[in-house]
There are 2 protein chains.
Amino acid sequence: MQRTLSDISYSAEEIDLAAIAKALSHPVRIRILRLLAGETCCFTGELTGLIPMAQSTISQHLKALKEAGLIQGEIDPPKVKYCIDREKWAKSRALFAEFLKLDGRVGCC
Amino acid sequence: MQRTLSDISYSAEEIDLAAIAKALSHPVRIRILRLLAGETCCFTGELTGLIPMAQSTISQHLKALKEAGLIQGEIDPPKVKYCIDREKWAKSRALFAEFLKLDGRVGCC
DNA sequence: TTAGTTCATCGTAAATATACGATTGAGATG
DNA sequence: CATCTCAATCGTATATTTACGATGAACTAA
């Protein structure tokens, strides 16, 4: 990670896909998304109860998911309600589906 | 990244999904997969021609993709042929599709 | 006002990731 | 055999990630 990344010009799709993938690249974040996307909406408080990790760590993962646009936070004092961002969620589904549709021809391998 | 990750027990699906996502979490790897999954199979040599990065760096990314199971390397001296692993590819597609199908109920948000 | 909750942020330590150039090793070619 | 090419690996520097405890800010409740 020195200089080059900027030399290569990536398409918006490549950048988006990589960013979303990065957000999904830790099992605890998958778990969190599962919990949020599941039954009902959750509060962070419930998450700290469900996941044996320091509250600050969970908050950090939530922040990462929020920055990736995958979830939204709604303040509902004294708690903060987190929900998945359904729009981004759908966009992600489309992006991954399209990307993983590419199916190396039978060709040479 | 101290001790805990091992304290939490993740499902195989969560771990798989995170691992695949991690492999996809860098735009250059998306690019590489695109190239490999696209028209024909490629050789690493062609990749170094197509991507303005040091050969060693590309090799490192290829290794990451290989370890994630997303691509296969075939020795075809004096070159090494890389192709996407169609089985893993299909499995990944299914995993992501299933995961991203979860769609937060209309509920509270 | 004074506590008590709840969550974000700070500071920090350790692990991983990312990039490079240099080197090595395997096989082809002269 | 000597050499060339291609790709992997090594060594290294720097950046980022991940986790924790401690602290801070905002609101509630007594």
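Order of the sequence lines sets the chain letters (A, B, ...), proteins ahead of strands, with each chain counted from 1.
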Legend entry - A:Asp16: partners by salt bridge (Lys or Arg N to Asp or Glu O under 4.0 Å), with sequence neighbours left out: A:Lys91
Legend entry - Exercise: identify the closest heavy-atom pair between B:Leu24 and B:Ile30: O-CD1, 3.4 Å
Inset, instruction - Report yes if a side-chain nitrogen or oxygen of B:Ser59 is closer than 4.0 Å to either non-bridging phosphate oxygen (OP1 or OP2) of D:dA8; otherwise report no. - result: yes
Legend entry - Spacing between B:Arg31 atom CZ and C:dT18 atom P, to the nearest angstrom: 16 Å
Inset, instruction - Take the angle between the ring planes of B:His26 and A:Tyr10 and call it parallel below 30°, perpendicular above 60°, tilted in between. - result: perpendicular
Legend entry - Polar pair under 3.5 Å, donor/acceptor by atom type, side chain B:Gln60, base D:dA8: no
Inset, instruction - Among the candidates D:dG21, D:dT9, D:dA7, find the nucleotide nearest to the side-chain atoms of B:Ser56. - result: D:dT9
Inset, instruction - Using atom NZ of A:Lys66 as one end and atom P of C:dC7 as the other, report the distance to the nearest whole Å. - result: 12 Å
Legend entry - Atom-pair distance (CG on B:Leu62; P on D:dA7), nearest Å: 10 Å
Legend entry - Pairing residues for B:Glu98 by the side chain to side chain donor-acceptor pair (under 3.5 Å) criterion, not counting sequence neighbours: none
Inset, instruction - Determine to 10° how strongly the helix from C:dT1-D:dA30 to C:dG30-D:dC1 is bent, judged from the axes of its five-pair ends. - result: 10°
Inset, instruction - Report the distance from atom CG of B:Leu50 to atom C1' of D:dA7, rounded to the nearest whole Å. - result: 16 Å
Inset, instruction - Report yes if at least one side-chain N or O of A:His61 is closer than 4.0 Å to OP1 or OP2 of D:dT17; otherwise report no. - result: no
Inset, instruction - Name all residues meeting the side chain to side chain contact (heavy atoms under 4.5 Å, CB included) criterion together with B:Gln60; count only those two or more places apart in sequence or in a different chain, and write none if there are none. - result: none
Inset, instruction - Round to the nearest Å and state the distance from B:Leu65 atom CG to D:dA8 atom C1'. - result: 15 Å
Legend entry - Side-chain N or O of B:Thr57 closer than 4.0 Å to phosphate OP1/OP2 of C:dT18: no
Inset, instruction - Return no unless some side-chain N or O of A:Tyr82 is found under 4.0 Å from OP1 or OP2 of C:dT6. - result: no
Legend entry - Nucleotide of D:dT18, D:dA8, C:dA8 approaching A:Gln55 most closely (side-chain heavy atoms): C:dA8
Inset, instruction - Find the distance B:Arg29:CZ to C:dA17:C1' and express it as a whole number of Å. - result: 8 Å
Legend entry - For A:Glu67, salt bridge (Lys or Arg N to Asp or Glu O under 4.0 Å) partners two or more places apart: none
Legend entry - Qualifying residues under side chain to side chain contact (heavy atoms under 4.5 Å, CB included), relative to A:Ser11, sequence neighbours excluded: A:Glu13, A:Glu14, B:Arg34
Legend entry - Between C1' of C:dG27 and NZ of B:Lys81, the distance in whole Å: 17 Å
Inset, instruction - Find the distance A:Ile8:CD1 to C:dC20:C1' and express it as a whole number of Å. - result: 13 Å
Inset, instruction - Looking only at side-chain atoms of A:Met53, point me to the closest of D:dC20, C:dA19, D:dA7. - result: D:dC20
Inset, instruction - Map A:Lys22 and A:Lys63 onto DNA chain C by nearest heavy atom, then report which one ends up closer to the 5' terminus. - result: A:Lys63
